[in-house]
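A short write-up of the structure that comes next.
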Amino acid sequence: MVQIGLLGFGNVGEGVHEILVKNAVRIQERCGQPVRIKTALVRDLSKPRSSASQGISFTTNPDDILNDPDISIVVEVLGGENPAYSLISRALKFKKHVVTANKEVIAKHKETLFSLARDHQVCLSFEAAVGGGIPIIRSLKVGLAPNEIEGIYGILNGTTNFILSRIENDKQEFNVALAKAQELGFAEADPYMDVSGLDTAYKLVILAYVGFKVNITLDQVAYEGITSISRTDIESANQLGYTIKLLAIGRRDNAGNHVFKVHPTLILKSHPLASIQNELNAVFVRANGLGECLFSGPGAGPLPTGSAIVSDVIDTIFDFGCHSRRHVEPPAKSVVPLQSATTESQFFIRLTVADSVGVLETVTRLLGKHNISIANLIQQKNHKDTATILIITHHIVESEMRAGISELEKETCLKVDSVIRVGFSDSIE
Ligand code: HSE
């Protein structure tokens, strides 16, 4: 029998347990032996546990797991950097195989942890850290291994996709949708992680490592969240044939330069990523052999995340006794990605303007001064003496765009309500 030590028994820990119990026969058949949780580390021993967890020994002392020779695999689902990082490090040093769902720890400490895993000849797996239940890590590591990856475009945060979908489809308020995402167990303990784009940025650092084989740090990812996106922005995007998603973008150009960024993005409704709703995640990959490929599925929640974790447990068991390269990342080279300001995009601009002679001329003249060319423009009369102008620009370097917007902001006859990047508009993205 394979015995697991579980670090954490919250939502995700319960999901892992449920999958192991519900699919015990199938898992035993795949592994050739039963797999069970022997001990779980919890904060509060007095908290009532479900009857399904009978047979698990609960402890507040991690040494009960790390020192137990019967436990061969440690599954970490505590979340957050500490104490998870130190416990994972200790488990590897104790020659335990480790499976973790912890994007923050992997994003920040990947090189140290994989070096420890290599030194101690154990596996370190992290499928659940990106994309919830979608097997994207394994697909990049194994399924797409013969390819050079050219682009990775991901909706990687279930909470923000849930909020944007609820605003778009049900006209829900931001905070109501966020509260629902928390209730359903998608959101982080501190939902700032989700809505600020930080959670997505951690996941992009991991995809950069696995997909592009480069070692980047969080401060090399320009990230923005969704807190500035209003229902009006979404409705305006809809009018122009787009939806808005929080998109993680990693790409390598022909010259070998990398770009890694996370921001709200207008996506044409005909693009496959536009149909990804609610807590679903998706990763759109461009690979030089396969071509374009879309992976999608539940990106958050106890059972999808539990499924990804248990898949790593099973894969680890397949490799017992043969220290496979599949479970230990080789060292990756460091790169200096291009600054977001030097990259090109199309942009969506929403303006409220005085409905008077010459205003449109002012807008086009100031944008033109910065080489910002207009691809699409709609003007709508509002109730009072104002009008709304919606613009989609042609491609323009981001720094030029910012300069043009600064000029517009100085004008008293108009107000810049929103500026949002447009994705997938041509081969540059
Ligand atoms: N809070 C995360 C999300 C959980 O909403 O996607 C999965 O990483």
Side-chain angles (χ1 to χ4, degrees), residues 7-8 10-16 19 75-81 84 99-108 110 125-138 152-167 172 174-210 218 221 223-227 229 244-248 262-264 273 276-283 295-312:
L7 303 176
N11 268 341
V12 176
E14 295 214 21
V16 172
I19 299 266
V75 172
E76 184 275 316
V77 286
L78 292 163
E81 186 174 7
V99 172
T100 177
N102 198 316
K103 53 237 159 176
E104 183 172 353
V105 166
I106 294 294
K108 288 183 176 168
K110 48 196 175 326
S125 313
F126 52 98
E127 182 64 72
V130 183
I134 307 170
I136 184 61
I137 300 295
R138 194 161 292 114
I152 297 179
Y153 306 86
I155 296 170
L156 302 177
N157 182 271
T159 302
T160 46
N161 204 46
F162 185 85
I163 293 170
L164 293 173
S165 302
R166 287 293 168 112
I167 297 173
Q172 236 172 43
F174 188 103
N175 285 334
V176 174
L178 171 58
K180 190 69 187 169
Q182 288 177 293
E183 185 191 320
L184 293 169
F186 307 147
E188 297 302 302
D190 175 1
Y192 169 81
M193 292 265 297
D194 298 294
V195 299
S196 66
L198 180 56
D199 176 85
T200 304
Y202 284 140
K203 291 167 178 170
L204 183 58
V205 169
I206 298 174
L207 290 183
Y209 197 66
V210 179
L218 187 67
V221 178
Y223 70 89
E224 290 168 29
I226 62 163
T227 46
I229 302 296
I244 300 181
K245 300 289 182 189
L246 183 64
L247 197 65
V262 173
H263 50 65
L273 282 176
I276 305 303
Q277 297 291 320
N278 296 318
E279 75 275 21
L280 293 190
N281 279 196
V283 187
F295 301 83
S296 69
L303 285 183
T305 313
S307 163
I309 289 169
V310 176
S311 82
D312 274 344

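Only heavy atoms go into these numbers, but all of them, side chains included; no hydrogens, no water, no symmetry mates. Small disclaimer: the values here were computed from a predicted structure and weren't measured. All ligand and atom numbering here is 1-based and tracks the order in the structure.
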Audit row: Val283, Ile152, side-chain contact (heavy atoms from CB on, under 4.5 Å) steps and yes/no:
CA-CA 7 Å; Val283 187; Ile152 297 179; 3.7 Å; yes
Counting both backbone and side chain atoms, is some N or O of [X] under 3.5 Å from an N or O of ligand 1?
X: Ala300; result: no
X: Ala129; result: no
X: Asn281; result: no

Residue list, salt bridge (Lys or Arg N to Asp or Glu O under 4.0 Å) with Glu127, at least two apart or on another chain:
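Salt bridge (Lys or Arg N to Asp or Glu O under 4.0 Å) check on Glu127 returns Arg138.
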Taking the non-hydrogen atoms of Gly299, is any one of them nearer than 4.0 angstrom to ligand 1?
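Contact check Gly299 vs ligand 1: positive.
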Keeping [X] on the side-chain end and [Y] on the backbone end, is there a donor-acceptor pair under 3.5 Å?
X: Asn161; Y: Ile276; result: yes
X: Asn278; Y: Leu280; result: no
X: Lys103; Y: Tyr202; result: no
X: Asp194; Y: Glu188; result: yes

Which ligand 1 atoms does Phe186 reach within 4.0 Å, using its non-hydrogen atoms?
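Answer, ordered by atom number: 1 (N), 2 (C), 3 (C), 4 (C), 5 (O).
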Atoms of ligand 1 close to Lys103 [distance to a heavy atom under 4.0 angstrom, numbered from 1]
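Within the 4.0 Å cut-off of Lys103, ligand 1 contributes 2 (C), 4 (C), 7 (C), 8 (O).
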At under 4.0 Å between heavy atoms, is it the side chain or the backbone of [X] that contacts ligand 1, or both, or neither?
X: Asp194; result: side chain
X: Glu279; result: neither
X: Lys203; result: side chain

Within the supplied structure, the quantity of interest is the number of heavy atoms (other residues, nucleotides, ligands) at a distance under 6.0 Å from Lys108 NZ; does it exceed 12?
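Counting other residues, nucleotides and ligands, NZ of Lys108 exceeds 12 neighbours.
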To check your reading of the model: name the closest protein heavy atom to [atom], its residue, and the distance in Å.
atom: atom 6 (O) of ligand 1; result: Gly158 N, 2.7 Å
atom: atom 2 (C) of ligand 1; result: Glu188 OE2, 3.1 Å
atom: atom 5 (O) of ligand 1; result: Thr159 OG1, 2.6 Å

To the nearest 0.5 Å, how far apart are CD1 in Ile155 and CG in Leu246?
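It comes to 8.5 Å.
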